[in-house]
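Here's the structure we're looking at; comments come further down.
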Amino acid sequence: MATSASTSACAIAWALLTLGCGDGRPAPATPTPVRIDAGTVAAVDAGPEPVTEAECAALADHMLAVGVAEQRLDRPEERVATPEQVATIRAGLVAEMTPACLTFPREVLACAMAASSTDGIAACTIAAPSS
């Protein structure tokens, strides 16, 4: 079942990316779940060690990189988050999502890091059970 903190972190990332660019579109209320190939998840290390703060920061970076890449596909360049906006968003995102991320099973982290879309990341993390 989803944790409110993981749901909150994803919602905040979307809201900040959307609002930080002056787009004016609201953040999606519920991400659209997508199927993640089990082989993709298995290809990423899913060892028994607890998730670390560095890995949570890397997940935040991945979320932002994927989000900005998606913005570039459907927005004019002037509506895409600038590096300065991304840095500001990152600081808040890491602080907000790290407590929930640290409770993720490794399989959830592996799934999210392997995802190539924001919907894929959300599908991995929103349904994440806390350990």
Side-chain angles (χ1 to χ4, degrees):
M1 188 63 171
T3 64
S4 61
S6 63
T7 303
S8 173
C10 287
I12 287 170
W14 265 112
L16 290 173
L17 271 175
T18 302
L19 297 176
C21 303
D23 184 307
R25 292 187 296 176
T30 305
T32 306
V34 296
R35 287 192 167 289
I36 303 297
D37 183 329
T40 302
V41 174
V44 179
D45 178 29
E49 306 84 30
V51 173
T52 66
E53 287 186 14
E55 289 171 314
C56 292
L59 176 57
D61 290 338
H62 178 62
M63 292 169 69
L64 291 169
V66 170
V68 169
E70 287 181 356
Q71 285 182 345
R72 290 187 194 290
L73 294 175
D74 69 356
R75 296 182 185 182
E77 189 62 29
E78 65 272 6
R79 305 291 297 251
V80 173
T82 65
E84 294 80 15
Q85 289 169 323
V86 171
T88 299
I89 293 165
R90 183 190 187 279
L93 179 60
V94 169
E96 175 69 25
M97 70 176 269
T98 296
C101 176
L102 290 171
T103 69
F104 288 165
R106 284 222 156 256
E107 294 78 16
V108 171
L109 180 66
C111 176
M113 291 300 289
S116 60
S117 70
T118 53
D119 284 344
I121 295 168
C124 296
T125 59
I126 289 178
S130 36
S131 37

Worksheet item: Sequence neighbours excluded, which residues qualify as side chain to side chain contact (heavy atoms under 4.5 Å, CB included) partners of Ala60?
Response: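 Expected list: Leu93, Val94, Met97.
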Item to complete: Kindly write out the residues that satisfy side chain to side chain contact (heavy atoms under 4.5 Å, CB included) with Pro76, not counting sequence neighbours, or none if the list is empty.
Response: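 Applying side chain to side chain contact (heavy atoms under 4.5 Å, CB included) to Pro76 gives Glu78, Arg79.
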Worksheet item: Do you know which two heavy atoms are closest between Glu53 and Leu102, and how far apart they sit?
Response: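 Where Glu53 meets Leu102 most closely, the heavy atoms are N-CD2, 3.7 Å.
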Fill in: Closest heavy-atom pair and its distance - Val51, Phe104
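That would be CG2-O, 3.3 Å.
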Point-to-point distance, once rounded to the nearest 0.5 Å, from [atom1] of [X] to [atom2] of [Y]:
{"X": "Met63", "Y": "Arg90", "atom1": "CE", "atom2": "CZ", "answer": "12.0 Å"}
{"X": "Ile89", "Y": "Glu96", "atom1": "CD1", "atom2": "CD", "answer": "14.0 Å"}
{"X": "Leu109", "Y": "Thr125", "atom1": "CG", "atom2": "OG1", "answer": "10.5 Å"}

Discussion item. Just so I know, are the side chains of Val108 and Cys111 near enough to count as touching, which here means a heavy-atom distance under 4.5 Å?
Written reply: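 In short, these two side chains do not touch, never coming nearer than 4.5 Å.
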Discussion item. List the residues meeting side-chain hydrogen bond (donor to acceptor under 3.5 Å, both in side chains) with Thr52, not counting sequence neighbours, and say none if there are none.
Written reply: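 Testing Thr52 for side-chain hydrogen bond (donor to acceptor under 3.5 Å, both in side chains), a comparison that skips the adjacent residues, returns Glu55.
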Without swapping roles, check the side chain of [X] against the backbone of [Y] for a donor-acceptor pair under 3.5 Å.
{"X": "Glu70", "Y": "Thr118", "answer": "yes"}
{"X": "Thr103", "Y": "Ala100", "answer": "yes"}
{"X": "His62", "Y": "Ala115", "answer": "yes"}

Fill in: Residues which pass salt bridge (charged side-chain N to carboxylate O under 4.0 Å, His left out) with Glu84, listed by chain and number, not counting sequence neighbours
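Listed in chain order: nothing, the list is empty.
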Practice prompt. Sorted by first residue and then second, give each disulfide (SG to SG under 2.5 Å) pair with at least one member in residues 53-87; sequence neighbours left out.
Written response: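 Every pair satisfying disulfide (SG to SG under 2.5 Å) with a residue in residues 53-87: Cys56-Cys101.
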